[in-house]
Amino acid sequence: GVAWYWCRFTPDIDCTKTERIMLNFGGVDYMCEIWLNSQPLGIIESPETPFSIDVTAYIKTGEENLLTVRVIPSSEEAIDGVSMFYIPHRNKVPSRRAGSNLNHSGIWYEVNLSAIPEVYIEDKFYETNIDTGEVKLTVKVKNLSTGAVLSTLPARISDCTEKCTSAEERITLTAAPGSSEHTFSL
């Protein structure tokens with residue numbers, strides 16, 4: 001069935017005017033609805049995958065807050081339209097067998113708060129060319145401000161196959177509001 005979680009807490013996190021406060025979940029199985037101080041933050045479908053929500057506008061720093069989470073499991077019986085027969089469910093099986101995790105839903109890992117800058121690296125990907133030694137770096141940058149921001153990204157490549165050597169480069173990029181991808185060759 002559905003699981004409800006409530007947590008009253010007073011955050012001890014400091015945040016500057018150019019930072020955002022993120023509520024981070026290590027993993028929830030299967031779908032959840034989240035509220036902070038009675039304000040709906042969203043519905044997340046994230047089986048066992050970490051996710052974060054910007055709570056800067058809703059959190060009361062230095063005061064008591066109430067976090068409410070409703071978790072909908074992936075089960076045989078449909079709950080709010082969610083059923084294991086219509087979603088990816090890895091090792092969950094309809095009939096109870098050895099090794100199935102049918103009844104193991106809920107908040108699986110740590111939930112915490114963090115302060116992040118308004119412009120940050122959301123994801124990264126490295127692609128190496130063994131023949132040329134070139135490294136292609138693709139970064140997904142998130143800009144939560146309302147304007148473009150000029151940023152500098154320090155990058156270091158190290159090779160320790162025989163003796164450790166490294167090369168450093170400072171890459172300048174303009175991060176537009178929202179998410180943007182930037183690719184560089186090093």
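Only a predicted model underlies this, so the values are computations on that prediction, with no experimental measurement involved.
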Between atom [atom1] of [X] and atom [atom2] of [Y], what is the distance when rounded to the nearest 0.5 Å?
X	Y	atom1	atom2	result
K60	N65	NZ	CG	6.0 Å
R170	T152	CZ	OG1	6.0 Å
H182	I171	NE2	CD1	11.0 Å
I21	S114	CD1	OG	9.0 Å
T68	R70	OG1	CZ	12.5 Å

Verify same cluster id: [X], [Y] (apolar side-chain graph, 4.5 Å):
X	Y	value
F125	F184	no
V69	M22	no
W35	W6	yes
Y5	V55	yes
Y120	V149	no

Looking only at heavy atoms, which two atoms of [X] and [Y] are closest? And how far apart?
X	Y	answer
T56	R20	OG1-CA, 3.3 Å
P177	A148	CD-N, 3.9 Å
A175	N143	O-ND2, 2.9 Å
E64	T10	CA-OG1, 3.7 Å

Response to the item:
So salt bridge (Lys or Arg N to Asp or Glu O under 4.0 Å) across residues 125-139, not counting sequence neighbours, yields E127-K136

Fill in: Salt bridge K140-E181, side-chain N to carboxylate O under 4.0 Å
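Here K140 does not pair with E181 in a salt bridge, since their nearest N and O are not under 4.0 Å apart.
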
Determine whether [X] and [Y] make a side-chain contact, defined as any pair of heavy atoms from C-beta on separated by less than 4.5 Å.
X	Y	result
L113	N24	no
I34	I44	yes
L36	I59	yes
T172	S151	no
D54	L23	no
I43	M31	yes
N37	L67	no
V71	C32	yes

Considering residues, nucleotides and ligands other than [X], do more than 12 of their heavy atoms fall under 6.0 Å from its [atom1]?
X	atom1	result
F9	CZ	yes
Y58	OH	no
D12	CG	no

Discussion item. Applying side-chain contact (heavy atoms from CB on, under 4.5 Å) to D123 and V139, what does each step give before you reach the verdict?
Written reply: CA-CA 6 Å; D123 201 2; V139 290; over 6 Å; no

Discussion item. Using the rule given for side-chain contact (heavy atoms from CB on, under 4.5 Å), can you reason through V28 versus F51, listing the C-alpha separation, both sets of side-chain angles and the distance that settles it, and then say yes or no?
Written reply: CA-CA 9 Å; V28 175; F51 62 91; 4.0 Å; yes

Worksheet item: S179 and E122: side-chain contact (heavy atoms from CB on, under 4.5 Å), yes or no, with the steps?
Response: CA-CA 8 Å; S179 290; E122 192 173 28; 3.1 Å; yes

Worksheet item: Would you say S145's side chain and G147's backbone share a donor-acceptor pair under 3.5 angstrom?
Response: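 Checking the backbone N and O of G147 against the side chain of S145, a donor-acceptor pair under 3.5 Å is found.
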
Practice prompt. Please report the C-alpha distance between L137 and T183 in whole Å, then the side-chain angles of each, then the deciding distance to 0.1 Å, and finally whether the side-chain contact (heavy atoms from CB on, under 4.5 Å) criterion is met.
Written response: CA-CA 6 Å; L137 169 63; T183 301; over 6 Å; no

